[in-house]
Peer 1: 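Attaching a single structure in structure tokens format; questions to follow.
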There are 2 protein chains.
Amino acid sequence: MRKQRLADLSRRERQIMEVVYRDGRVTAAEVLERMPDPPSYSAVRALLRILESKGHLRHEDDGTRYLYLPTLPKQSARKSALQNVVDTFFEGSTEKVVAALLDRDNLSEEDLARLSALIEQTRKEGR
Amino acid sequence: MRKQRLADLSRRERQIMEVVYRDGRVTAAEVLERMPDPPSYSAVRALLRILESKGHLRHEDDGTRYLYLPTLPKQSARKSALQNVVDTFFEGSTEKVVAALLDRDNLSEEDLARLSALIEQTRKEGR
DNA sequence: CAGCATGTGCTAAGGAACTAGCAGCAGGTG
DNA sequence: CACCTGCTGCTAGTTCCTTAGCACATGCTG
């Protein structure tokens, strides 16, 4: 079985995988309604079947219908997705990413305090 | 002209855009050698032309050949790429992303100090 | 100049992605 | 049972991505 990389997927396949990773355990109908520039219902079902045959997804029965979920755990997919963005757009610099995150949304004082604590924690462990 | 979203591109097109964003200003040959599962040289050139016609890239003359660069500034592309990953894999949580970043690579004490300073700075501004 | 290396532009074919629509199955309801 | 609803499986067709290969331009070198 091939290694599963989001980057190897076609446009539609990738869009579907993103929905599945975001929402975790979804029906074909749910995937459809959460896709950008929504294709046909039938197209979604076909793609889900293809993704399953390639090993990216599996399904569980939920009464008469299917619930799809990723085979690769979110934890892992998350890791390589982040890695990819950091390498591509942030020259591999953690600091730049954090700067962008801080700039992005207006975090509350509590949020900032938690981040601060997170870093302090890591510093302690580093010793 | 359409909005330029990485997510709307085909597999190969997206791979090329990632190389261009990573390396900034590249020739067709450079794009080829930095692509995963490299296609033919000719295919790369065709795709570069297509991306240019769609408005994702433009080129400058460099003697006899072309240097390609993105039309959308890296700063903007970076922002939406990060946004997308955060939403898809981190439930929109900045804190989770930072945690993953800290976990990811072994940062030196100086790196951590800088991150800490960055956050403190933001806290001050927030007041 | 002739030959070679290294570019670009273009086109046409091959194949993969994407789609629509039909058939079948199960559950609920009168 | 007969009928509707909501789901899956499948196939056939179309679109468009992806590719190879040819034609032409430029610069370098013997």
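We name chains A, B, ... by the order of the sequence lines, and we start the count at 1 in each one.
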Peer 1: Is any side-chain N or O of A/R49 closer than 4.0 Å to OP1 or OP2 of D/dG9?
Peer 2: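 So the side-chain polar atoms of A/R49 do come within 4.0 Å of the phosphate oxygens OP1 or OP2 of D/dG9, strictly under.
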
Peer 1: Rounding to an integer number of Å, can you tell me how far B/L48 CG sits from D/dT19 P?
Peer 2: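 From B/L48 CG to D/dT19 P: 12 Å.
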
Peer 1: Might you work through the salt bridge (Lys or Arg N to Asp or Glu O under 4.0 Å) test for B/E13 and B/K54, ending with a clear yes or no?
Peer 2: CA-CA 11 Å; B/E13 289 175 342; B/K54 287 187 187 173; 2.9 Å; yes

Peer 1: Between D/dG9 atom C1' and A/Y68 atom OH, what is the distance in whole Å?
Peer 2: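 One finds 10 Å between C1' of D/dG9 and OH of A/Y68, rounded.
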
Peer 1: Does the cation-pi check pass for A/R78 over B/F90, that is, NZ or CZ under 6.0 Å from the six-membered ring centre and within 45° of its axis?
Peer 2: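 Yes, A/R78 and B/F90 form such a contact.
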
Peer 1: Grab the CD1-C1' distance between A/I50 and D/dT11 for me, whole Å please.
Peer 2: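 The distance from CD1 of A/I50 to C1' of D/dT11 comes to 13 Å, rounded to the nearest Å.
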
Peer 1: Using the P atoms only, state how far D/dT18 lies from C/dT19, rounded to an integer number of Å.
Peer 2: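 C/dT19 and D/dT18 have their P atoms separated by 15 Å.
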
Peer 1: Distance check needed: C/dC18 P versus A/R12 CZ, whole Å only.
Peer 2: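 Nearest whole value for this atom pair: 7 Å.
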
Peer 1: Select base, sugar-phosphate, or nothing to describe what A/A46 touches, counting heavy atoms under 4.0 Å on all strands.
Peer 2: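 The answer is base, as A/A46 lies within the cut-off (heavy atoms under 4.0 Å) of a base atom.
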
Peer 1: Are the side chains of B/P39 and B/R12 in contact, using a 4.5 Å heavy-atom criterion?
Peer 2: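 Touching, per the 4.5 Å side-chain cut-off.
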
Peer 1: Considering just the side-chain nitrogens and oxygens of A/S10, establish if one lies under 4.0 Å of OP1 or OP2 belonging to C/dC18.
Peer 2: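 Answer yes for this pair, as a side-chain N or O of A/S10 is under 4.0 Å from OP1 or OP2.
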
Peer 1: Rounded to the Å, how far apart are A/M35 CE and C/dT19 P?
Peer 2: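 Nearest whole value for this atom pair: 7 Å.
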
Peer 1: When you measure only distances, ignoring hydrogens and angles, does the side chain of A/R45 come within 3.5 Å of the base of D/dG9 through a donor and an acceptor?
Peer 2: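 Side chain to base: pair found, below 3.5 Å.
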
Peer 1: What nucleotide among D/dG9, C/dG7, D/dT19 has an atom nearest to a side-chain atom of B/T64?
Peer 2: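 The answer is C/dG7, which lies nearest to the side chain.
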
Peer 1: Could you work out which one of C/dA17, D/dT8, D/dT19 sits closest to the side chain of A/A28?
Peer 2: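 When the side chain of A/A28 is considered, D/dT8 is the closest of C/dA17, D/dT8, D/dT19.
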
Peer 1: Could you check how far CG of A/L47 sits from P of C/dC18, rounded to whole Å?
Peer 2: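 Computing the A/L47:CG to C/dC18:P distance gives 6 Å.
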
Peer 1: Given atom CD of A/E30 and atom P of D/dG6, what is their separation to the nearest angstrom?
Peer 2: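 Atom CD in A/E30 sits about 15 Å away from atom P in D/dG6.
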
Peer 1: What about B/S42, does its side chain sit under 3.5 Å from the base of D/dG21 through a donor-acceptor pair?
Peer 2: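 Side chain to base: pair found, below 3.5 Å.
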
Peer 1: When rounded to the nearest 0.5 angstrom, what is the spacing between CG in B/L115 and CG in B/L107?
Peer 2: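 Going from the CG atom of B/L115 to the CG atom of B/L107 covers 6.5 Å.
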
Peer 1: State whether B/Y41 places a side-chain N or O below 4.0 Å from either non-bridging phosphate oxygen (OP1 or OP2) of C/dT8.
Peer 2: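 Checking C/dT8 against B/Y41, a side-chain N or O does come within under 4.0 Å of OP1 or OP2.
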
Peer 1: Compare the minimum distances between each of D/dT19, C/dT19, C/dA20 and the side chain of B/A43, then state the nucleotide with the smallest one.
Peer 2: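 Between D/dT19, C/dT19, C/dA20, the one nearest the side chain of B/A43 would be D/dT19.
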
Peer 1: May I ask you to test the B/R49-B/R45 pair for a side-chain heavy-atom distance under 4.5 Å?
Peer 2: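 Side chain of B/R49 against side chain of B/R45, heavy atoms only: contact under 4.5 Å found.
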
Peer 1: Whole-Å distance between C/dT6 C1' and B/Y66 OH?
Peer 2: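 In whole Å, C/dT6 C1' and B/Y66 OH are 14 Å from each other.
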
